[in-house]
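Notes follow the structure.
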Amino acid sequence: MNPVFLSKSERGKLAIQRREEEASDRDRGRDPDRCTRDRERERENETRSRERTRNEKRAEREREKELDAIKEQYFGFKKPKKRVIKPSEKFRFSFDWENTEDTSRHMNALYQNPHEARILFGRGFRAGMDRGEQKKLAARIEKEIRAEIRKKEGVEERPEEAAVQRQKEAAADLYDAFDMRMDRHWSEKKLEEMTERDWRIFREDYNISYNGSKLPRPMRNWVESKLSPELLKAVERAGYKSPSPIQMASIPLGLQQRDVIGIAETGSGKTAAFVLPMLTYITRLPPMNEDNEAEGPYAVVMAPTRELAQQIEEETVRFTHYLGIKVVSIVGGQSIEEQGFKLRQGCEVVIATPGRLLDCLERRYAVLNQCNYVVLAEADRMIDMGFEPQVVGVLDAMPSSNMKPENEDEELDEKRIYQTTICSVLPCHLLLSGLLGSA
Ligand SMILES: Nc1ncnc2c1ncn2[C@@H]1O[C@H](COP(=O)(O)OP(=O)(O)OP(=O)(O)O)[C@@H](O)[C@H]1O
């Protein structure tokens, strides 16, 4: 290494630095306690860090425990059950015995005649057993029970009771060969040949479903409906070859004066479905003349809009052709005085929008003193459009003397007049307000 020239000040600086280093070396040699202190400090630091790690681990464990407790509270916890050994498992007895050792038969005669579940009066079947045999057995049991009851009460069998019983027995004998027969389609069968199964297939074919009790059979065609010859002629004249499904289902119900809520798509023939039973009902009443026309119409049809009311009027007039029944329509947008005048001249049927009809009633242009048949066409829409108060107002104007029995299972007297309500509803609007419940 080549020698380097150092100035005087540089040389001085270097000398001072050297001296300082020497002094510090000397000091280190002179202070042995300092190393010990350093070591102690290091040890303390280590202990503190170990303590911290331990605390952290403890806190972690506690957090986990807490989490488990929360899980247990919300998800439940299945404690493994301790299996308890029952005494019966510990000591097993053998109960094998010989048939001859069974004394129960001698003790009680009941064991010799094991009792079979009996289907009450021929209703229902047990699965997996011959249905025909079950029917026959049920008919025999019913006969025996009735005979026993008569004997107890000391009464003789009435001829009509005997006839009914004979009929049941004959039906039971026939059942086997009759109900289970699948030889022909229902459309090839006469009405009296239709079996329960055929009716089921028929309803499925036309997508007819009901909700209600004691329902009459649907009608398969116009000829089998119980409509009068005049109405049948009018139906033929209208060109209706066969009834639509809603007509098949609801006309027989309407003819029995049952309240009906008919649910079907638009254009499915709901109008004829309620008009035909309504006209049949009217033909049973005395003809409208000077004596009774002041008491108002026999039936009222309410519709949400003028157009629908007019459409229903057209359809109704088609069917009144051979009956001489007068139909008047009362809708908004026309002179109310003129409508009042028409009403005073007498009519059997009023087809109206609810607002205008209530107006007529309030102004005494119309009365409903002998109206027991009300049809609410598109009842759902009327409620949606806010006509409920008007509809209720019209219903309130009708006589309340011909209400049906509260119990809907009770038979209706065919000869009596009952207040009847028919509603037509679109399938998409099944949730109606309380109005239909009170209808
Ligand atoms: N059985 C039938 N055979 C042939 N045509 C029919 C039959 N029933 C109804 N129609 C015709 O079908 C059309 C629709 O019937 P209708 O107006 O009664 O249906 P709707 O269900 O009341 O419809 P909307 O919901 O629009 O009032 C009418 O022109 C009617 O004449």
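The chain is numbered in sequence order, starting from 1. Every number for a ligand or one of its atoms is a count from 1 in the order of the listing.
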Check each of Gly239, Gly267, Gly262 against atom 20 (P) of ligand 1 and report the one with the nearest heavy atom.
-> Gly267
Thinking salt bridges, do Glu51 and Arg48 make one under a 4.0 Å N-O criterion?
-> no
Run the salt-bridge test on Arg158 and Glu161 with the 4.0 Å N-O cut-off and return the result as yes or no.
-> yes
salt_bridge(Glu236, Lys233) N-O dist < 4.0 Å | no
Among all residues two or more places apart in sequence or in another chain, which pass the ring-ring contact (aromatic ring centres under 6.0 Å, His included) test with Tyr373?
-> Tyr281
Contacts of type ring-ring contact (aromatic ring centres under 6.0 Å, His included), residue Phe387, not counting sequence neighbours | none
Can you find a non-hydrogen atom of Ser242 under 4.0 Å from ligand 1?
-> yes
For atom 30 (C) of ligand 1, which protein heavy atom lies nearest, and how many Å away is it?
-> Tyr240 OH, 3.1 Å
Please confirm whether the backbone N or O of Gly269 pairs with a side-chain atom of Gln247, one donor and one acceptor, at under 3.5 Å?
-> yes
Answer with yes or no whether Leu308 contacts ligand 1, where contact means a heavy atom under 4.0 Å from a ligand atom.
-> yes
For Ser244, is the nearest heavy atom under 4.0 Å from an atom of ligand 1?
-> yes
For ligand 1, is there an N or O atom under 3.5 Å from any N or O atom of Lys270?
-> yes
Kindly indicate whether atom 13 (C) of ligand 1 is approached by any protein heavy atom to under 4.0 angstrom.
-> no
Kindly state if atom 1 (N) of ligand 1 has a protein heavy atom within a strict 4.0 Å cut-off, that is, under 4.0 Å?
-> yes
